[in-house]
A.B. asks: 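Have a look at the structure that comes next, please.
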Amino acid sequence: MRGPARFFDARIAVAQWQVKPVANNGAPVSAPLLRFASEDMLVCSHVSEFIMTVEPQKYWVIASDVADRDGIGVEFYVDGDLVLEIFRDDTKKAREVTLYRKDVPLEYLEESIAKFKKEISWEFLEY
């Protein structure tokens, strides 16, 4: 083992989806010695940088609406927030996209359109 051993507490510095270890005094660490202890073992490792990238949680909800409009659609959520909706309105005979954020990445829209085409019938229901 090179140099003095440093123990790290559970605090972490988070900046723009990156997680880096900090020393007990709160200062960022360069070339840290990380120690992870469990009940039966201690693991020591020298690392030059410790970064964990967190991917946003994305999911779709297929939902029908018969209150203000009549049809079915796909709602797209990122980290629990509604980002966009693609809806097939059977009374207006139209397919509509509603954005709930100012800037929506094109890939989110493309993924949602593909999901809509896969999960929702393209044909309008007749009443």
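Here, residue 1 is the first one in the sequence, and each next residue gets the next number.
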A.B. asks: Are Leu82 and Tyr59 in one and the same hydrophobic cluster, where Ile, Leu, Val, Met, Phe, Trp and Tyr link if side-chain heavy atoms are under 4.5 Å apart?
C.D. replies: yes
A.B. asks: If hydrophobic clusters are built from ILVMFWY residues whose side chains come within less than 4.5 Å, do Val104 and Phe116 share one?
C.D. replies: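 Shared cluster, yes.
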A.B. asks: Can you name the residues that form a side-chain contact (heavy atoms from CB on, under 4.5 Å) with Ala63, not counting sequence neighbours?
C.D. replies: Val61, Glu75
A.B. asks: Phe124: what forms a ring-ring contact (aromatic ring centres under 6.0 Å, His included) with it, not counting sequence neighbours?
C.D. replies: none
A.B. asks: Using a 4.5 Å cut-off on heavy atoms from C-beta on, say whether the side chain of Pro56 contacts that of Tyr108.
C.D. replies: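 Yes; the side chains approach each other to less than 4.5 Å.
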A.B. asks: Let's go through Leu84 and Thr98 carefully: what are the C-alpha distance in whole Å and the side-chain angles of both, what is the deciding distance for side chain to side chain contact (heavy atoms under 4.5 Å, CB included) to 0.1 Å, and is it a yes or a no?
C.D. replies: CA-CA 6 Å; Leu84 66 91; Thr98 304; over 6 Å; no
A.B. asks: Please tell me if the side chains of Asp70 and Asp65 come closer than 4.5 Å, counting only heavy atoms from C-beta onward.
C.D. replies: no
A.B. asks: Can you hop from Trp122 to Val97 via hydrophobic side chains spaced under 4.5 Å?
C.D. replies: yes
A.B. asks: Given side chains that start at C-beta, do those of Lys115 and Glu110 come closer than 4.5 Å, heavy atoms only?
C.D. replies: no
A.B. asks: Who pairs with Glu111 by side-chain contact (heavy atoms from CB on, under 4.5 Å), at least two apart in sequence or on another chain?
C.D. replies: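 Per chain and number, Glu111 pairs via side-chain contact (heavy atoms from CB on, under 4.5 Å) with Lys58, Trp60, Phe76, Glu107.
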A.B. asks: Applying ring pair (Phe, Tyr, Trp, His ring centres under 6.0 Å), which residue pairs with at least one partner in residues 78-102 are found, sequence neighbours left out?
C.D. replies: none
A.B. asks: Test of understanding: with side-chain contact (heavy atoms from CB on, under 4.5 Å), list the residues that count as partners of Ile62, not counting sequence neighbours.
C.D. replies: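 Testing Ile62 for side-chain contact (heavy atoms from CB on, under 4.5 Å), a comparison that skips the adjacent residues, returns Ile72, Val74, Glu119, Ile120.
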A.B. asks: Just grab all the side-chain hydrogen bond (donor to acceptor under 3.5 Å, both in side chains) pairs involving residues 80-92, residues at least two apart or on different chains.
C.D. replies: Arg69-Glu85, Arg88-Asp90, Asp89-Thr91, Lys92-Glu96
A.B. asks: Counting neighbours of NZ on Lys117 that are heavy atoms of other residues, nucleotides or ligands and sit closer than 6.0 Å, is the number greater than 12?
C.D. replies: no
A.B. asks: Can you list the steps and then say if Glu126 with Lys93 is a salt bridge (charged side-chain N to carboxylate O under 4.0 Å, His left out)?
C.D. replies: CA-CA 10 Å; Glu126 297 294 330; Lys93 305 285 191 247; 3.8 Å; yes
